[in-house]
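Right, one structure below, let's go through it.
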Protein chains: 2
Amino acid sequence: MVKPGEDLRRNLHDQFERGDVYAPECPSRPLLDHLTSRWGVLVLVLLLDRPHRFGELASLIGGVSDKMLSQTLKTLVGDGFVTREVGTDGPVRVTYALTDVGQGAAERLADLVEWLESNMNALVPA
Amino acid sequence: MVKPGEDLRRNLHDQFERGDVYAPECPSRPLLDHLTSRWGVLVLVLLLDRPHRFGELASLIGGVSDKMLSQTLKTLVGDGFVTREVGTDGPVRVTYALTDVGQGAAERLADLVEWLESNMNALVPA
DNA sequence: CACAATACTTACCAAAAGGTAGGTACTAAC
DNA sequence: GTTAGTACCTACCTTTTGGTAAGTATTGTG
């Protein structure tokens, strides 16, 4: 029984005790999209090493624009993969770090990235 | 020394003995994009179980259109992650399977997906 | 020969992602 | 007060992604 005014998110959460990425309406779908987004992967893997400031990420990730980086970070923070901390004293300094869940995801993404970097040559020359 | 007519792909391959996804021109970048594409992930994880036919993939992956599925498969075949085999006898039957490299990638993606399906509830309710 | 099934492809359109350039807000240093 | 640095945001535009619907090619069945 679902009352019309009730929170849809809550219903989905109840409906999928364990996620199923093959179900189009499962909340894990957007999460997977964010984790595997073009810039999201690269950000998360960098944060696995240590927390980074915005400008550090921007210069380490070749080809990313300010706009995309800030958008990507906002999404990851919103999902709960990353924390955003603003330095109180001095000029503007924002540091991004992994949450506990973010750490779990980032480890698996780093595994994929490292595998790809090692095995790239088995793919490209073909 | 690079002659104008020479194969750019070859140069890039020489240049990056080991891939570096943080370098914008590294060939690993597009490969990572294909591996982590919306439908690519789901296809590869399914193929980890066993080879599948086009129609099977279409019905197992909720929400994918024929067009996107065939485009995704074409890309994965082109990269060398997946093989495409057409049955010689009888009506049209096409079977997709992982290559050896595809297997390596798919295992890592499956790891990520399974982690996400288990940890989804630590993220969504927040 | 008509019809169904499978695996596509094509044309058309809408939405999302992404780039560039410029602007903003805050602070510190000169 | 002016300038520089950091971390953004906004408007504008192009490219890519993705959906729908229709059509194609091949083969087997009746």
Side-chain angles (χ1 to χ4, degrees), chain A residues 21-26 29-44 46-47 50-79 82-97, chain B residues 21-26 29-44 46-47 50-79 82-97:
Chain A
V21 293
Y22 292 95
E25 299 307 320
C26 179
R29 271 279 179 88
L31 292 173
L32 182 62
D33 287 345
H34 301 162
L35 281 180
T36 60
S37 68
R38 162 119 84 194
W39 307 117
V41 177
L42 302 180
V43 166
L44 288 166
L46 282 179
L47 293 183
R50 60 172 179 82
H52 282 85
R53 293 187 28 212
F54 184 88
E56 292 174 333
L57 294 171
S59 62
L60 288 170
I61 301 174
V64 75
S65 65
D66 281 8
K67 182 191 149 192
M68 272 299 106
L69 181 56
S70 111
Q71 194 177 111
T72 301
L73 286 166
K74 198 181 291 186
T75 302
L76 293 175
V77 169
D79 288 339
V82 169
T83 59
R84 186 189 121 108
E85 198 176 340
V86 185
T88 53
D89 57 331
V92 188
R93 276 163 188 282
V94 182
T95 304
Y96 294 92
Chain B
V21 293
Y22 291 96
E25 299 307 320
C26 178
R29 270 280 180 88
L31 291 173
L32 182 62
D33 287 346
H34 300 162
L35 281 180
T36 60
S37 68
R38 163 118 89 197
W39 308 117
V41 177
L42 302 180
V43 166
L44 289 166
L46 281 179
L47 293 183
R50 60 171 178 81
H52 281 87
R53 293 187 29 212
F54 183 90
E56 292 175 333
L57 294 171
S59 62
L60 287 171
I61 301 174
V64 75
S65 65
D66 280 9
K67 182 190 149 193
M68 272 300 106
L69 182 55
S70 114
Q71 195 176 109
T72 300
L73 286 166
K74 200 180 289 184
T75 302
L76 294 175
V77 169
D79 288 338
V82 169
T83 59
R84 187 190 119 108
E85 199 176 338
V86 184
T88 54
D89 58 331
V92 188
R93 276 163 186 282
V94 182
T95 303
Y96 294 92

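Atoms considered below: every heavy atom in the structure, side chains included; atoms not considered: hydrogens, waters and symmetry mates. To find a chain, count down the sequence lines: A is the first, B the second, and so on, and within it residues start at 1.
In this structure, the CG atom of D33(A) is 18 Å from the P atom of dA15(C), given to the nearest Å. Rounded to whole Å, the distance from CD on E85(B) to P on dA7(C) is 13 Å.
On the nucleic acid side, DNA chain D contacts chain A at distances under 4.0 Å to non-hydrogen atoms, with the end points of that region at dT6(D) to dA11(D).
In this view, E56(B) and R50(B) satisfy the salt bridge (Lys or Arg N to Asp or Glu O under 4.0 Å) rule, not counting sequence neighbours.
Between L60(A) and L42(A), every side-chain heavy-atom pair lies at or beyond the 4.5 Å cut-off.
Contacts classified as side-chain hydrogen bond (donor to acceptor under 3.5 Å, both in side chains) and involving residues 64-77 of chain B (residues at least two apart or in different chains) are not found.
In this structure, R53(A) contributes its side chain and T95(A) its backbone to no donor-acceptor pair below 3.5 Å.
The bend of the helix from dC1(C)-dG30(D) to dC30(C)-dG1(D), defined by the angle between the axes of its first five and last five pairs, stands at 0° to the nearest 10°.
In this structure, the separation between CG on L69(A) and OG on S59(A) is 10.0 Å, given to the nearest 0.5 Å. Taken to the nearest 0.5 Å, the OG atom of S37(B) stands 8.0 Å off from the CG atom of L44(B). The distance from the CG atom of D33(B) to the OG1 atom of T36(A) is 10.0 Å, given to the nearest 0.5 Å.
For the residue pair G62(B) and P24(A), the shortest heavy atom distance occurs at C-CG, 3.6 Å. Here the closest heavy-atom approach between residue V21(A) and residue R29(A) is recorded as O-NE, 2.5 Å.
Here the options are V77(B), V43(B), L76(B), the test is side-chain contact (heavy atoms from CB on, under 4.5 Å), and the partner is Y96(B); only V77(B) passes.
Contacts between residues 65-76 of chain B and DNA chain C, defined by a heavy-atom separation below 4.0 Å, involve D66(B), K67(B), S70(B), K74(B), listed by number.
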Where protein sits on nucleotides 25-30 of chain C, one letter per nucleotide: B base, S sugar-phosphate only, - none, heavy atoms under 4.0 Å: -BSS--

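Using a 4.0 Å heavy-atom distance criterion, G87(A) is classed as making no nucleic acid contact.
OP1 and OP2 of dA17(C) both lie 4.0 Å or more from every side-chain N or O belonging to R38(A).
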CA sep, side-chain torsions, deciding dist, call: L57(B), L73(B), side chain to side chain contact (heavy atoms under 4.5 Å, CB included): CA-CA 10 Å; L57(B) 294 171; L73(B) 286 166; 4.1 Å; yes

